[in-house]
There are 2 protein chains.
Amino acid sequence: MRAQNAALTQVEQSFKDAGFPPLTWYDVLWELERGDRAGMRPFELESHLLVPQYGLSRLLDRVEKAGYVERRPCDGDGRGQVVVITKLGRQLRRRMWQVYAPALNSAVADRLTAKETATLSRLLGKLLP
Amino acid sequence: MRAQNAALTQVEQSFKDAGFPPLTWYDVLWELERGDRAGMRPFELESHLLVPQYGLSRLLDRVEKAGYVERRPCDGDGRGQVVVITKLGRQLRRRMWQVYAPALNSAVADRLTAKETATLSRLLGKLLP
DNA sequence: TATATCTACATGCAATTGCATTTAGTGGAA
DNA sequence: TTCCACTAAATGCAATTGCATGTAGATATA
(Lines give C-alpha, C1' and ligand atoms only; values in the text may rest on other atoms or scores of the structure.)
Protein backbone atom coordinates (compact mmCIF):
# COMPACT_ATOMS: atom_id res chain seq x y z
CA MET A 1 0.00 0.00 0.00
CA ARG A 2 2.71 2.46 0.92
CA ALA A 3 4.85 1.70 -2.09
CA GLN A 4 1.96 2.02 -4.48
CA ASN A 5 0.88 5.22 -2.82
CA ALA A 6 4.37 6.68 -3.06
CA ALA A 7 4.83 5.84 -6.70
CA LEU A 8 1.35 6.88 -7.72
CA THR A 9 1.53 10.13 -5.83
CA GLN A 10 4.77 11.06 -7.52
CA VAL A 11 3.40 10.31 -10.95
CA GLU A 12 0.15 12.15 -10.39
CA GLN A 13 2.00 15.09 -8.97
CA SER A 14 4.21 15.31 -11.99
CA PHE A 15 1.15 15.35 -14.22
CA LYS A 16 -0.37 18.11 -12.14
CA ASP A 17 2.82 20.13 -12.18
CA ALA A 18 2.83 19.90 -15.94
CA GLY A 19 -0.81 20.96 -16.13
CA PHE A 20 -1.98 17.60 -17.43
CA PRO A 21 -5.03 15.54 -16.53
CA PRO A 22 -4.75 12.52 -14.22
CA LEU A 23 -3.19 9.18 -14.97
CA THR A 24 -6.54 7.55 -15.74
CA TRP A 25 -6.86 9.78 -18.80
CA TYR A 26 -3.50 8.58 -19.97
CA ASP A 27 -4.52 4.98 -19.46
CA VAL A 28 -7.61 5.42 -21.59
CA LEU A 29 -5.73 7.18 -24.35
CA TRP A 30 -2.97 4.64 -24.34
CA GLU A 31 -5.32 1.68 -24.54
CA LEU A 32 -7.09 3.27 -27.45
CA GLU A 33 -3.93 4.23 -29.22
CA ARG A 34 -2.11 0.97 -28.98
CA GLY A 35 -4.85 -1.41 -30.00
CA ASP A 36 -6.00 0.90 -32.64
CA ARG A 37 -8.17 -1.20 -34.76
CA ALA A 38 -10.44 1.79 -35.21
CA GLY A 39 -11.57 2.17 -31.64
CA MET A 40 -12.69 0.06 -28.74
CA ARG A 41 -15.92 -0.73 -27.01
CA PRO A 42 -16.21 0.65 -23.49
CA PHE A 43 -16.67 -2.79 -21.94
CA GLU A 44 -13.47 -3.85 -23.65
CA LEU A 45 -11.60 -0.80 -22.43
CA GLU A 46 -12.93 -1.49 -18.97
CA SER A 47 -11.36 -4.91 -18.92
CA HIS A 48 -7.94 -3.39 -19.48
CA LEU A 49 -8.30 -0.62 -16.92
CA LEU A 50 -8.88 -0.55 -13.21
CA VAL A 51 -12.11 1.38 -13.34
CA PRO A 52 -15.63 0.08 -12.72
CA GLN A 53 -18.23 0.30 -15.46
CA TYR A 54 -19.90 3.45 -14.19
CA GLY A 55 -16.52 4.98 -13.53
CA LEU A 56 -15.45 4.48 -17.10
CA SER A 57 -18.74 5.82 -18.38
CA ARG A 58 -18.14 9.09 -16.61
CA LEU A 59 -14.44 9.16 -17.29
CA LEU A 60 -15.29 8.95 -20.98
CA ASP A 61 -17.77 11.81 -20.52
CA ARG A 62 -14.96 14.01 -19.32
CA VAL A 63 -12.33 12.89 -21.75
CA GLU A 64 -14.77 13.26 -24.60
CA LYS A 65 -15.87 16.70 -23.50
CA ALA A 66 -12.24 17.72 -23.52
CA GLY A 67 -12.02 16.52 -27.11
CA TYR A 68 -9.57 13.65 -26.69
CA VAL A 69 -11.90 10.84 -27.70
CA GLU A 70 -15.09 10.44 -29.67
CA ARG A 71 -17.97 8.10 -28.96
CA ARG A 72 -19.52 6.67 -32.08
CA PRO A 73 -22.54 4.45 -32.44
CA CYS A 74 -21.60 0.84 -32.84
CA ASP A 75 -22.35 -0.91 -36.07
CA GLY A 76 -23.19 -4.43 -35.05
CA ASP A 77 -24.62 -3.59 -31.65
CA GLY A 78 -27.23 -0.95 -31.05
CA ARG A 79 -26.66 -0.83 -27.32
CA GLY A 80 -23.01 -0.08 -27.61
CA GLN A 81 -20.59 2.42 -28.89
CA VAL A 82 -17.09 2.62 -30.19
CA VAL A 83 -14.63 4.92 -28.54
CA VAL A 84 -12.04 6.44 -30.80
CA ILE A 85 -9.06 8.55 -29.90
CA THR A 86 -8.85 11.88 -31.70
CA LYS A 87 -5.83 13.54 -33.20
CA LEU A 88 -5.83 15.86 -30.20
CA GLY A 89 -5.96 12.80 -27.98
CA ARG A 90 -2.89 11.26 -29.57
CA GLN A 91 -1.14 14.54 -29.16
CA LEU A 92 -1.97 14.74 -25.48
CA ARG A 93 -0.95 11.13 -24.93
CA ARG A 94 2.41 11.80 -26.47
CA ARG A 95 2.98 14.94 -24.44
CA MET A 96 1.91 13.19 -21.25
CA TRP A 97 4.40 10.45 -21.91
CA GLN A 98 7.17 13.02 -21.90
CA VAL A 99 6.29 13.58 -18.27
CA TYR A 100 5.17 10.08 -17.38
CA ALA A 101 8.31 8.30 -18.49
CA PRO A 102 10.74 10.25 -16.33
CA ALA A 103 8.31 10.18 -13.42
CA LEU A 104 8.05 6.41 -13.65
CA ASN A 105 11.77 6.13 -13.85
CA SER A 106 12.42 8.21 -10.80
CA ALA A 107 9.61 6.64 -8.81
CA VAL A 108 10.31 3.06 -9.78
CA ALA A 109 12.88 2.06 -12.33
CA ASP A 110 15.77 4.11 -10.95
CA ARG A 111 15.27 2.54 -7.56
CA LEU A 112 15.67 -1.04 -8.73
CA THR A 113 18.15 -3.00 -10.75
CA ALA A 114 16.90 -4.76 -13.87
CA LYS A 115 16.90 -8.04 -12.03
CA GLU A 116 14.97 -6.59 -9.12
CA THR A 117 12.42 -5.12 -11.47
CA ALA A 118 11.87 -8.48 -13.07
CA THR A 119 11.51 -10.17 -9.69
CA LEU A 120 9.12 -7.54 -8.43
CA SER A 121 7.05 -7.89 -11.53
CA ARG A 122 6.93 -11.65 -11.20
CA LEU A 123 5.96 -11.56 -7.54
CA LEU A 124 3.27 -8.94 -8.04
CA GLY A 125 1.94 -11.03 -10.88
CA LYS A 126 1.16 -13.73 -8.37
CA LEU A 127 -1.29 -11.43 -6.65
CA LEU A 128 -3.42 -10.94 -9.72
CA PRO A 129 -6.93 -12.45 -9.75
CA MET B 1 -1.21 -0.99 -9.81
CA ARG B 2 -3.09 -4.13 -10.78
CA ALA B 3 -1.72 -6.17 -7.92
CA GLN B 4 -2.53 -3.51 -5.37
CA ASN B 5 -5.98 -3.09 -6.82
CA ALA B 6 -6.63 -6.82 -6.70
CA ALA B 7 -5.52 -7.24 -3.12
CA LEU B 8 -7.22 -4.11 -1.88
CA THR B 9 -10.46 -4.91 -3.63
CA GLN B 10 -10.59 -8.34 -2.07
CA VAL B 11 -9.96 -6.98 1.38
CA GLU B 12 -12.50 -4.18 1.07
CA GLN B 13 -15.03 -6.57 -0.31
CA SER B 14 -14.61 -8.91 2.59
CA PHE B 15 -15.20 -6.01 4.98
CA LYS B 16 -18.33 -5.05 3.11
CA ASP B 17 -19.61 -8.60 3.08
CA ALA B 18 -19.19 -8.71 6.81
CA GLY B 19 -20.98 -5.39 7.25
CA PHE B 20 -17.89 -3.57 8.45
CA PRO B 21 -16.58 -0.10 7.61
CA PRO B 22 -13.70 0.36 5.18
CA LEU B 23 -10.06 -0.46 5.69
CA THR B 24 -9.15 3.12 6.58
CA TRP B 25 -11.23 2.83 9.72
CA TYR B 26 -9.28 -0.24 10.67
CA ASP B 27 -6.01 1.56 10.06
CA VAL B 28 -7.00 4.39 12.36
CA LEU B 29 -8.16 2.07 15.09
CA TRP B 30 -5.09 -0.08 14.84
CA GLU B 31 -2.70 2.84 15.01
CA LEU B 32 -4.48 4.11 18.08
CA GLU B 33 -4.63 0.76 19.75
CA ARG B 34 -1.10 -0.31 19.27
CA GLY B 35 0.71 2.82 20.30
CA ASP B 36 -1.65 3.39 23.10
CA ARG B 37 0.03 5.85 25.25
CA ALA B 38 -3.32 7.43 25.94
CA GLY B 39 -4.12 8.58 22.45
CA MET B 40 -2.46 10.24 19.53
CA ARG B 41 -2.47 13.63 17.92
CA PRO B 42 -4.06 13.76 14.49
CA PHE B 43 -0.88 14.99 12.81
CA GLU B 44 0.92 12.03 14.31
CA LEU B 45 -1.72 9.60 13.13
CA GLU B 46 -1.53 11.16 9.72
CA SER B 47 2.14 10.39 9.43
CA HIS B 48 1.40 6.71 9.90
CA LEU B 49 -1.50 6.57 7.50
CA LEU B 50 -1.88 7.28 3.82
CA VAL B 51 -4.46 10.00 4.19
CA PRO B 52 -3.98 13.72 3.68
CA GLN B 53 -4.61 16.10 6.55
CA TYR B 54 -8.10 17.10 5.51
CA GLY B 55 -8.91 13.49 4.75
CA LEU B 56 -7.99 12.43 8.24
CA SER B 57 -9.92 15.30 9.75
CA ARG B 58 -13.08 14.05 8.11
CA LEU B 59 -12.33 10.41 8.59
CA LEU B 60 -12.11 11.14 12.30
CA ASP B 61 -15.44 12.97 12.11
CA ARG B 62 -17.07 9.79 10.85
CA VAL B 63 -15.28 7.37 13.11
CA GLU B 64 -15.99 9.58 16.08
CA LYS B 65 -19.65 9.94 15.20
CA ALA B 66 -19.86 6.17 15.07
CA GLY B 67 -18.46 6.06 18.57
CA TYR B 68 -15.16 4.32 17.92
CA VAL B 69 -12.88 7.17 18.92
CA GLU B 70 -13.04 10.27 21.05
CA ARG B 71 -11.42 13.62 20.38
CA ARG B 72 -10.20 15.31 23.50
CA PRO B 73 -8.67 18.72 23.90
CA CYS B 74 -4.91 18.60 24.10
CA ASP B 75 -3.16 19.59 27.29
CA GLY B 76 0.01 21.23 26.17
CA ASP B 77 -1.31 22.59 22.88
CA GLY B 78 -4.50 24.56 22.54
CA ARG B 79 -4.69 24.11 18.79
CA GLY B 80 -4.59 20.39 18.92
CA GLN B 81 -6.45 17.41 20.18
CA VAL B 82 -5.82 13.91 21.31
CA VAL B 83 -7.63 11.08 19.64
CA VAL B 84 -8.44 8.13 21.83
CA ILE B 85 -9.91 4.80 20.87
CA THR B 86 -13.02 3.81 22.80
CA LYS B 87 -13.92 0.45 24.20
CA LEU B 88 -16.33 0.05 21.32
CA GLY B 89 -13.49 0.92 18.98
CA ARG B 90 -11.26 -1.80 20.33
CA GLN B 91 -14.09 -4.20 19.98
CA LEU B 92 -14.66 -3.29 16.36
CA ARG B 93 -10.96 -3.47 15.60
CA ARG B 94 -10.81 -6.96 16.99
CA ARG B 95 -13.85 -8.12 15.08
CA MET B 96 -12.55 -6.57 11.88
CA TRP B 97 -9.32 -8.43 12.29
CA GLN B 98 -11.24 -11.70 12.24
CA VAL B 99 -12.16 -10.80 8.69
CA TYR B 100 -9.04 -8.93 7.71
CA ALA B 101 -6.56 -11.65 8.57
CA PRO B 102 -8.07 -14.35 6.38
CA ALA B 103 -8.67 -11.84 3.59
CA LEU B 104 -5.03 -10.79 3.68
CA ASN B 105 -3.97 -14.38 3.67
CA SER B 106 -6.01 -15.34 0.67
CA ALA B 107 -5.18 -12.17 -1.23
CA VAL B 108 -1.48 -12.12 -0.45
CA ALA B 109 0.17 -14.52 1.91
CA ASP B 110 -1.29 -17.72 0.47
CA ARG B 111 -0.03 -16.77 -2.96
CA LEU B 112 3.59 -16.42 -1.96
CA THR B 113 6.15 -18.50 -0.16
CA ALA B 114 7.74 -17.05 2.95
CA LYS B 115 10.85 -16.25 0.98
CA GLU B 116 8.89 -14.57 -1.77
CA THR B 117 7.02 -12.50 0.76
CA ALA B 118 10.26 -11.30 2.25
CA THR B 119 11.66 -10.44 -1.16
CA LEU B 120 8.51 -8.62 -2.19
CA SER B 121 8.57 -6.66 0.99
CA ARG B 122 12.19 -5.72 0.51
CA LEU B 123 11.71 -4.64 -3.08
CA LEU B 124 8.62 -2.61 -2.34
CA GLY B 125 10.52 -0.97 0.47
CA LYS B 126 12.85 0.48 -2.11
CA LEU B 127 10.00 2.45 -3.58
CA LEU B 128 9.22 4.28 -0.38
CA PRO B 129 9.96 8.03 -0.24
C1' DT C 1 6.07 42.83 24.04
C1' DA C 2 4.26 43.58 19.53
C1' DT C 3 4.05 41.40 15.28
C1' DA C 4 5.03 38.35 11.76
C1' DT C 5 5.40 33.44 10.79
C1' DC C 6 4.30 28.89 11.41
C1' DT C 7 1.67 24.75 12.97
C1' DA C 8 -2.68 22.10 13.94
C1' DC C 9 -6.89 21.30 12.49
C1' DA C 10 -11.38 22.37 10.13
C1' DT C 11 -14.31 23.54 6.30
C1' DG C 12 -16.85 25.54 1.90
C1' DC C 13 -17.24 24.20 -2.44
C1' DA C 14 -16.54 21.64 -6.58
C1' DA C 15 -15.23 17.25 -8.55
C1' DT C 16 -15.18 12.43 -8.24
C1' DT C 17 -16.74 7.98 -6.66
C1' DG C 18 -19.87 4.23 -5.14
C1' DC C 19 -24.23 2.08 -5.19
C1' DA C 20 -28.32 0.87 -7.01
C1' DT C 21 -31.10 1.22 -10.69
C1' DT C 22 -32.62 2.53 -15.37
C1' DT C 23 -32.69 2.39 -20.29
C1' DA C 24 -31.98 0.27 -24.50
C1' DG C 25 -30.89 -3.39 -27.24
C1' DT C 26 -29.55 -8.75 -27.98
C1' DG C 27 -30.15 -13.47 -28.33
C1' DG C 28 -32.26 -17.62 -27.19
C1' DA C 29 -36.05 -20.73 -26.11
C1' DA C 30 -40.91 -21.91 -26.48
C1' DT D 1 -43.22 -14.37 -33.40
C1' DT D 2 -43.27 -13.47 -28.26
C1' DC D 3 -41.30 -13.52 -24.04
C1' DC D 4 -37.49 -13.63 -21.00
C1' DA D 5 -32.98 -13.54 -19.36
C1' DC D 6 -28.88 -11.15 -20.33
C1' DT D 7 -25.47 -7.55 -21.81
C1' DA D 8 -23.97 -2.54 -22.71
C1' DA D 9 -23.98 1.73 -21.07
C1' DA D 10 -25.87 5.73 -18.45
C1' DT D 11 -27.58 8.05 -14.41
C1' DG D 12 -29.87 9.86 -9.76
C1' DC D 13 -28.39 10.39 -5.46
C1' DA D 14 -25.51 10.10 -1.47
C1' DA D 15 -20.85 9.70 0.23
C1' DT D 16 -16.18 10.77 -0.27
C1' DT D 17 -12.29 13.34 -1.97
C1' DG D 18 -9.39 17.29 -3.47
C1' DC D 19 -8.27 21.96 -3.31
C1' DA D 20 -7.89 26.12 -1.39
C1' DT D 21 -8.55 28.66 2.43
C1' DG D 22 -10.01 29.76 7.24
C1' DT D 23 -9.41 29.86 12.25
C1' DA D 24 -6.99 29.50 16.40
C1' DG D 25 -3.20 28.95 18.99
C1' DA D 26 2.16 28.53 19.19
C1' DT D 27 6.74 30.25 18.27
C1' DA D 28 10.10 33.24 16.77
C1' DT D 29 11.99 37.71 15.84
C1' DA D 30 13.01 42.39 16.33
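Chain letters run A, B, ... following the sequence lines, proteins first and then strands; every chain starts at 1.
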Exercise. Can you measure from CD1 (B/I85) to CD (B/E33) and round to the nearest 0.5 angstrom?
Key: 4.5 Å

Self-check item: Rounded distance [0.5 Å steps], OH in A/Y68 versus OG1 in A/T86
Solution: 8.5 Å

Members of [range] that approach DNA chain C, where some heavy atom sits under 4.0 Å away:
| range | answer |
| --- | --- |
| residues 50-60 of chain B | B/Q53, B/Y54, B/S57, B/R58 |
| residues 63-80 of chain A | A/D77, A/G78, A/R79 |
| residues 20-34 of chain A | none |

Quiz item: Is it the case that more than 12 heavy atoms not belonging to A/D75 sit under 6.0 Å from its CG atom?
Solution: no

Practice problem: Any pair with a residue in residues 101-129 of chain B that passes ring-ring contact (aromatic ring centres under 6.0 Å, His included), sequence neighbours left out, goes on the list, sorted by first then second residue, please. | Solution: none

Quiz item: What pairs of residues pass the ring-ring contact (aromatic ring centres under 6.0 Å, His included) test when at least one of them lies in residues 77-99 of chain A, not counting sequence neighbours?
Solution: A/W97-A/Y100

Quiz item: Quick one: how far along DNA chain C does chain A reach, first to last nucleotide 5' to 3', anything under 4.0 Å to a heavy atom?
Solution: C/dT16 to C/dT26

Quiz prompt | Apart from B/V82 itself, residues in the same hydrophobic cluster as defined by side-chain heavy atoms under 4.5 Å | solution = B/V84

Quiz item: side-chain hydrogen bond (donor to acceptor under 3.5 Å, both in side chains) with A/E64: which residues, sequence neighbours excluded?
Solution: A/R71

Quiz item: Quick one: side chain to side chain contact (heavy atoms under 4.5 Å, CB included) partners of A/E46, sequence neighbours excluded?
Solution: A/Q53, A/L56

Quiz item: Listed by chain and number, what are the side chain to side chain contact (heavy atoms under 4.5 Å, CB included) partners of A/E116, not counting sequence neighbours?
Solution: A/L112, A/T113, B/R122, B/L123, B/K126

Practice problem: Could you tell me whether the side chain of A/R41 and the main chain of A/C74 form a donor-acceptor pair under 3.5 Å? | Solution: no

Exercise. Would you list the pairs meeting salt bridge (Lys or Arg N to Asp or Glu O under 4.0 Å) in which at least one residue belongs to residues 8-24 of chain B, sequence neighbours left out?
Key: none

Self-check item: salt bridge (charged side-chain N to carboxylate O under 4.0 Å, His left out) involving A/R95 - partner list, sequence neighbours excluded
Solution: none

Quiz item: Pick the nucleotide of DNA chain D nearest each of A/D61 and A/K16; which residue has the one closer to the 5' end?
Solution: A/D61

